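Report on the structure given below.
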Amino acid sequence: MIELNNVSLQFADGTWGLKNVTLKIPEGSFCLVCGANGSGKSSLFRIIAGIYKPTEGTIKIKGKLLHSEMTDTRGVVGLVLQDPDCQILGETVEEDVKLGPLYMGLNKEEIVNRTEEVLNDCGLNHLRQKRCYLLSGGEKKRLSIASVLAMHPEIVLLDEPFANLDFPSTRAILIQMLKMKERGHTIVVASHDVDMLTPFITHIAVLKNGRLCVFSDTPEEIIPMLASFDVRPPREMLTKRKSLLWLTN
C-alpha cells in the first residue's frame with residue numbers, strides 16, 4: 001500500500017529531514033511511527049501525503065509512483081495534522097466536513113451523504129451548526145478526523161492525534177481509530193503515547209535523526225528496545241504494573 005525506497009528530504013537550509021528511508025506498509029496495517037522530537041515523523045507523513053517531494057528516492061502508493069503516475073492523493077491518502085487549527089477551514093462543523101468532498105468535485109447528493117455519515121460516526125452531529133472556533137480541543141481533533149474521512153481515503157495518517165487532549169477525548173480518538181482499522185483503512189500514527197497503541201498495532205517504525213532505525217511487523221519484539229532510541233516505553237515496562245486499560249468502561 002505504501003512503499004518508500006531510499007527516500008531523503010533536504011530542506012532549503014541544507015539540513016536533512018529524512019535520510020535513506022526504505023519501508024513498505026501493507027494494506028490494512030495499523031502502523032505506529034515513533035521517535036523523539038525532530039526525528040522526522042512529520043516529514044515522513046508529508047512525504048507520504050504528497051505535500052513534500054523527496055529530494056532523493058521514490059514513493060509508491062498502491063503501486064503507483066507518487067508525483068508521476070499519481071499526482072493527486074485526495075481520496076487515497078488523508079493526513080490529520082497535529083494541530084487541528086491548521087486544518088479546520090470551515091465556519092461551522094458541517095461546513096468544514098463538506099469542504100473536502102466539495103474540492104474533490106463530488107455531486108451535491110454525495111457530499112450530503114458523506115457529511116451525514118461522518119458527522120454521525122465521529123459523534124459530531126449535535127455540533128453540526130456550531131462555530132469551529134468555539135469547539136473544545138477534543139472536538140476540534142474529532143472534526144479534523146471527520147473532515148479527512150469525508151474524502152474516503154484508503155490510507156489515514158494521524159500526526160500526534162492525542163496531543164494536548166484529556167482522557168475522555170483521548171479515548172474517543174482511539175475508538176475512532178480502531179473503527180477505521182475495522183473498516184479496512186490503512187492507519188499510520190505518529191505518537192509519543194505508545195501505551196494505548198501497542199495492544200492494537202501490527203507494525204512499528206522507529207525514526208532517529210531522520211533515519212529509520214527499525215521497521216518491523218513484530219512490534220512486541222521492538223517495544224522493549226524503545227528506550228535505546230529515545231522513545232519512552234510503555235509505563236508497564238517502567239513500573240512493572242499492568243498498563244491502563246484505555247477502552248475500559
Side-chain angles (χ1 to χ4, degrees), residues 1-10 16-35 39-81 87 100-107 110 114 117-118 144-159 161 176-191 197 200-207 210-219 221-222:
M1 179 62 81
I2 304 169
E3 185 175 353
L4 278 69
N5 185 29
N6 291 320
V7 167
S8 297
L9 175 68
Q10 188 176 34
W16 292 89
L18 295 172
K19 193 66 176 175
N20 300 325
V21 174
T22 296
L23 58 80
K24 188 174 183 179
I25 302 175
E27 182 177 359
S29 302
F30 191 153
C31 180
L32 169 63
V33 179
C34 51
S39 61
K41 301 186 297 296
S42 294
S43 294
L44 176 66
F45 277 28
R46 283 160 175 76
I47 283 276
I48 296 172
I51 297 172
Y52 292 165
K53 189 173 183 179
T55 307
E56 301 170 357
T58 60
I59 307 126
K60 286 185 178 180
I61 305 293
K62 297 184 64 178
K64 294 183 178 181
L65 281 169
L66 195 56
H67 303 294
S68 58
E69 296 175 321
M70 179 183 290
T71 57
D72 188 350
T73 61
R74 287 179 298 182
V76 181
V77 182
L79 172 60
V80 180
L81 300 174
Q87 191 161 350
L102 181 64
Y103 291 150
M104 293 174 68
L106 302 179
N107 62 54
E110 182 64 17
R114 291 191 181 196
E117 174 188 35
V118 299
S144 64
I145 294 174
S147 298
V148 165
L149 292 181
M151 294 184 280
H152 286 187
E154 299 175 56
I155 300 166
V156 182
L157 313 173
L158 299 106
D159 192 357
Q176 187 60 44
M177 290 163 56
L178 296 177
K179 284 182 181 179
M180 289 188 278
K181 181 178 181 294
E182 290 174 0
R183 291 170 181 167
H185 293 280
T186 300
I187 309 295
V188 188
V189 184
S191 180
L197 292 172
F200 311 107
I201 59 175
T202 61
H203 293 71
I204 188 169
V206 183
L207 293 172
R211 295 182 179 271
L212 182 66
C213 300
V214 177
F215 180 67
S216 175
D217 60 358
T218 54
E221 296 179 3
I222 306 304

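Since this is a predicted model, take the numbers as computed values, not measurements. One-based numbering along the sequence shown.
The CG atom of Leu212 sits 5.5 Å away from the CG atom of Leu23 when rounded to the nearest 0.5 Å. Distance SG/Cys31 to CD1/Ile155: 11.5 Å, rounded to 0.5 Å. The line from CG of Leu207 to NZ of Lys41 is 7.5 Å long, rounded to the nearest 0.5 Å. Of the inter-residue distances, the one linking Leu106 atom CG with Met151 atom CE reads 10.5 Å to the nearest 0.5 angstrom. Taking CG of Asn6 as the reference point, atom CG of Asn20 lies at 5.5 Å (rounded to 0.5 Å). Note that the CD atom of Glu154 and the CD1 atom of Ile61 stand 10.5 Å from one another [nearest 0.5 Å].
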Derivation of the side chain to side chain contact (heavy atoms under 4.5 Å, CB included) call for Val21 and Phe215
CA-CA 10 Å; Val21 174; Phe215 180 67; over 6 Å; no

Side chain to side chain contact (heavy atoms under 4.5 Å, CB included), that's the test. Do Leu149 and Met180 meet it? Break it down for me.
CA-CA 9 Å; Leu149 292 181; Met180 289 188 278; 3.4 Å; yes

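Within 6.0 Å of NZ in Lys62 there are 12 or fewer heavy atoms belonging to other residues, nucleotides or ligands. Counting non-hydrogen atoms of neighbouring residues, nucleotides and ligands closer than 6.0 angstrom, the NZ atom of Lys24 reaches no more than 12 such neighbours.
Arg74 places a side-chain N or O within 3.5 Å of a backbone atom of Tyr103 that can act as its donor or acceptor partner. Counting only distance, with no hydrogens or angles, the side chain of Ser216 and the backbone of Ile204 share no donor-acceptor pair below 3.5 Å. With Ser29 contributing its side chain and Thr186 its backbone, the two residues share no donor-acceptor pair below 3.5 Å. Formation of a donor-acceptor pair under 3.5 Å by the His185 side chain with backbone atoms of Pro153 is found in this model.
Among all heavy-atom pairs drawn from Trp16 and Ser8, the shortest one is CZ3-CB, 3.6 Å. Residues His203 and Pro26 approach most closely at NE2-CD, 3.6 Å, considering heavy atoms. Shortest non-hydrogen contact noted between Gly75 and Met104 is CA-CE, 4.0 Å. Residues Phe200 and Lys181 approach most closely at O-CE, 3.9 Å, considering heavy atoms. In plain terms, the two heavy atoms of Val118 and Ala146 that are nearest each other are CG2-O, 3.8 Å. Nearest heavy-atom pair across Leu158 and Phe45 is O-CE2, 3.3 Å.
Annotation: side chain of Leu4 is not in contact with side chain of Thr22 (no heavy-atom distance under 4.5 Å). Put simply, the side chain of Val80 does not reach to within 4.5 Å of the side chain of Pro161, judged on heavy atoms. Between Pro219 and Leu32 the shortest side-chain heavy-atom distance does not fall below 4.5 Å. Side-chain atoms of Leu9 and Arg46, non-hydrogen and from C-beta on, never get closer than 4.5 Å to each other. Contact check for Gln87 versus Ser147: no side-chain heavy atoms found under the 4.5 Å cut-off.
Looking at Glu110 and His152, their side chains never bring a donor and an acceptor atom within 3.5 Å of each other.
Here the options are Thr71, Ile47, Thr58, Thr73, the test is side chain to side chain contact (heavy atoms under 4.5 Å, CB included), and the partner is Leu66; only Thr73 passes.
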